[in-house]
J.: 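Please find one structure pasted underneath; my questions will follow.
Start at 1 with the first residue, then count along the sequence. Side chains are part of it too, since the values below use all heavy atoms of this structure and drop only hydrogens, waters and symmetry mates.
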Amino acid sequence: MMTRKAFLFGLLGTVFLAAACRKGGAPEPSAAKLAPPEPTPQQKYDKWVRTVQDSPLSETDKKSLTSVAEKTKYSDEQELRDRKELVIPAPPDFHPQAAERKIKLTLFLEKDILRHGEHPRFRLELQNIGRKEILYVERPESFFKTCDISIFGDHLTFALTEPSGKKELLSGPFRVQDDIIRDEIKFPAGWSEAQKDEWARQRNLRAQAEQELSIHLKSGETLRTRGDRPGDGFCSVQTPTSFDRPGTYRLQVFFDDIPQPLAEESMKALEKRGLSLDRQQKEYAEYVKNDLGRHASNSVAFEVAP
């Protein structure tokens, strides 16, 4: 899922790069018998920077696009690490459904009988069951990495049904942001203020990429929660809700990726920068094709013993 702000910035970047490429143009790649190896994030970044610097764009636009490329590099490097840890390959007997883009949410419980006051432990899996690759994004922080339901955002919701039949949406505990203060860091002797600022900037970009999740899932691949213990992907439900009433509870996850329309003020701002309303609407129509719709996981039950 991409926010409207990210979409608009990316759209503007596309327009800038198109202008850059018109300067002389680029040769068409020749047909090859073997596909070339996938370039590394650093190689992609270097190519982007060369293209931008050789373009007729203003220095302000060049700086903005280079900044976007730098963030993308860190995100791509983090995706390689996240894939190794969080993605399960497609099963040998997997057969995609007819839809091009479709997901399946599956919720698991570590155990279905709990002691009085004990919190359930769950694992959530999101499988790409469509025919095409999808991009799954969580920003500014990732639930699949932390299992923290207080950062679910608008697209993931945990619903609990109590023994009495009462239903509620779970909320997470209050969290205090743990920021590292720049002045507390001991830099090497002789570093200039510019060197210190650059180190802090690079560190913040890495930290942001680590907190977020931006991952491509091929058909059949499954994204699963990291878990709060090594190896199994299970997490404790951290919520102020207490599970001290004996009886049967049910948990279910709801997913909503239906996009909101573009804000009028954002469209006017882009129009002033040379992007017509018609072009914006066409590009946005293409963008929303990547959204994954609304889905519900299976409902899982657990018993709290007296």
J.: Check for a donor-acceptor pair, side chain of Gln252 on one end and backbone N or O of Ala296 on the other, with a separation under 3.5 Å.
T.: no

J.: Mark yes or no for whether Arg123, through its side chain, and Phe108, through its backbone, hold a donor-acceptor pair below 3.5 Å.
T.: no

J.: If you apply the rule side chain to side chain contact (heavy atoms under 4.5 Å, CB included), what do you find for Glu138 with Leu156, and how did you get there?
T.: CA-CA 10 Å; Glu138 291 181 328; Leu156 280 171; 3.7 Å; yes

J.: Taking Val237 as the starting point, is it possible to reach Leu109 by hopping between hydrophobic residues whose side chains are less than 4.5 Å apart?
T.: yes

J.: Give, for atom CD of Glu79 and atom CD1 of Ile215, the distance between the pair rounded to the nearest 0.5 Å.
T.: 5.5 Å

J.: Quick check against the 3.5 Å criterion: does Gln127 have a side-chain atom that pairs as donor or acceptor with the backbone of Gly220?
T.: yes

J.: For Glu162 and Glu168, which heavy atoms make the closest approach, and how far apart are they?
T.: OE2-OE2, 2.9 Å

J.: Going through the checks in order, is the side chain to side chain contact (heavy atoms under 4.5 Å, CB included) test met by Met267 and Leu277?
T.: CA-CA 7 Å; Met267 297 179 71; Leu277 293 177; 4.0 Å; yes

J.: Would the distance check show the side chain of Glu110 and the main-chain N or O of Phe234 forming a donor-acceptor pair, the cut-off being under 3.5 Å?
T.: no

J.: Could you go through the salt bridge (Lys or Arg N to Asp or Glu O under 4.0 Å) check for Lys44 and Glu38 one step at a time?
T.: CA-CA 10 Å; Lys44 293 179 182 178; Glu38 177 71 18; 3.1 Å; yes

J.: For the backbone of Leu107 and the side chain of Asn298, can you confirm whether one donor and one acceptor N or O come within less than 3.5 Å of each other?
T.: yes

J.: As a quick check of understanding, evaluate side chain to side chain contact (heavy atoms under 4.5 Å, CB included) for Ser164 and Arg245, giving each step before the final call.
T.: CA-CA 9 Å; Ser164 64; Arg245 181 180 301 173; 3.8 Å; yes

J.: Quick one: pull up CD in Glu141 and CD in Gln208 and give me the separation to the nearest 0.5 Å.
T.: 10.5 Å

J.: Do Glu221 and Arg83 sit within salt-bridge range, that is, some charged N less than 4.0 Å from a carboxylate O?
T.: yes

J.: Of the non-hydrogen atoms in His116 and Asp244, which two are nearest, and what is the gap between them?
T.: CE1-O, 2.8 Å

J.: For Lys62 and Gln53, indicate whether the former's side chain and the latter's backbone hold a donor-acceptor pair under 3.5 Å.
T.: yes

J.: Could you please spell out the steps behind the salt bridge (Lys or Arg N to Asp or Glu O under 4.0 Å) verdict for Arg201 and Asp197?
T.: CA-CA 6 Å; Arg201 190 182 68 83; Asp197 288 342; over 6 Å; no

J.: For Lys268 and Glu264: C-alpha separation, side-chain torsions, deciding distance, then whether salt bridge (Lys or Arg N to Asp or Glu O under 4.0 Å) applies.
T.: CA-CA 6 Å; Lys268 289 181 178 179; Glu264 185 177 352; 3.2 Å; yes

J.: Any non-hydrogen side-chain atom of Val87 less than 4.5 Å from a side-chain atom of Lys218?
T.: no

J.: Is it true that Leu124 and Ile129 fall in one hydrophobic cluster, defined by side-chain heavy atoms closer than 4.5 Å?
T.: no

J.: So, for Ser219 and Ala90, which heavy atoms are closest and what is the spacing to 0.1 Å?
T.: O-CB, 3.8 Å

J.: Could you give me the CA-CA distance, side-chain angles and deciding distance for Leu205 and Lys73, then say whether side chain to side chain contact (heavy atoms under 4.5 Å, CB included) is met?
T.: CA-CA 10 Å; Leu205 287 175; Lys73 181 191 74 167; over 6 Å; no

J.: To the nearest 0.5 Å, how far apart are CG in Leu65 and OG1 in Thr60?
T.: 11.0 Å

J.: Restricting to non-hydrogen atoms, name the atom on Asp61 and the atom on Leu57 that form the minimum distance, rounded to 0.1 Å.
T.: CB-CB, 4.2 Å

J.: Rounded to the nearest 0.5 Å, what's the gap from CD on Glu118 to OG on Ser242? Could you check?
T.: 13.5 Å

J.: Between Gln202 and Glu70, is any side-chain donor less than 3.5 angstrom from a side-chain acceptor?
T.: yes

J.: What are the two closest heavy atoms between Glu212 and Pro140, and how far apart are they?
T.: CG-O, 3.3 Å

J.: For salt bridge (Lys or Arg N to Asp or Glu O under 4.0 Å), just list the numbers for Arg131 and Glu100, CA-CA rounded to whole Å, side-chain angles, deciding distance to a tenth of an Å, and then say yes or no.
T.: CA-CA 5 Å; Arg131 294 187 291 109; Glu100 290 186 353; 3.6 Å; yes

J.: Taking the side chain as every heavy atom from C-beta outward, state whether Leu217 and Ile103 have any pair of such atoms under 4.5 Å apart.
T.: no

J.: Mark yes or no for whether Ser214, through its side chain, and Val137, through its backbone, hold a donor-acceptor pair below 3.5 Å.
T.: no

J.: Please answer: with hydrophobic residues joined when any side-chain heavy atoms are less than 4.5 Å apart, are Leu160 and Phe254 in the same cluster?
T.: no

J.: May I ask you to test the Glu125-Ile88 pair for a side-chain heavy-atom distance under 4.5 Å?
T.: yes

J.: Is there a side-chain contact between Asp232 and Arg121 in this structure, where contact means two heavy atoms from C-beta onward sitting under 4.5 Å apart?
T.: yes

J.: Is there a donor-acceptor pair under 3.5 Å between the side chain of Thr161 and the backbone N or O of Lys167?
T.: no

J.: Can you tell me which residue among Ile113, Thr248, Leu114 is in a side-chain contact (heavy atoms from CB on, under 4.5 Å) with Phe302?
T.: Leu114

J.: Quick one: sort the Phe122 and Phe143 rings into parallel, tilted or perpendicular, breaks at 30° and 60°.
T.: parallel

J.: Tell me, do Asp257 and Phe255 make a side-chain contact under 4.5 Å, heavy atoms counted?
T.: yes

J.: Indicate the atoms forming the closest heavy-atom contact of Phe158 with Val253, along with that distance.
T.: CE1-CG2, 3.1 Å

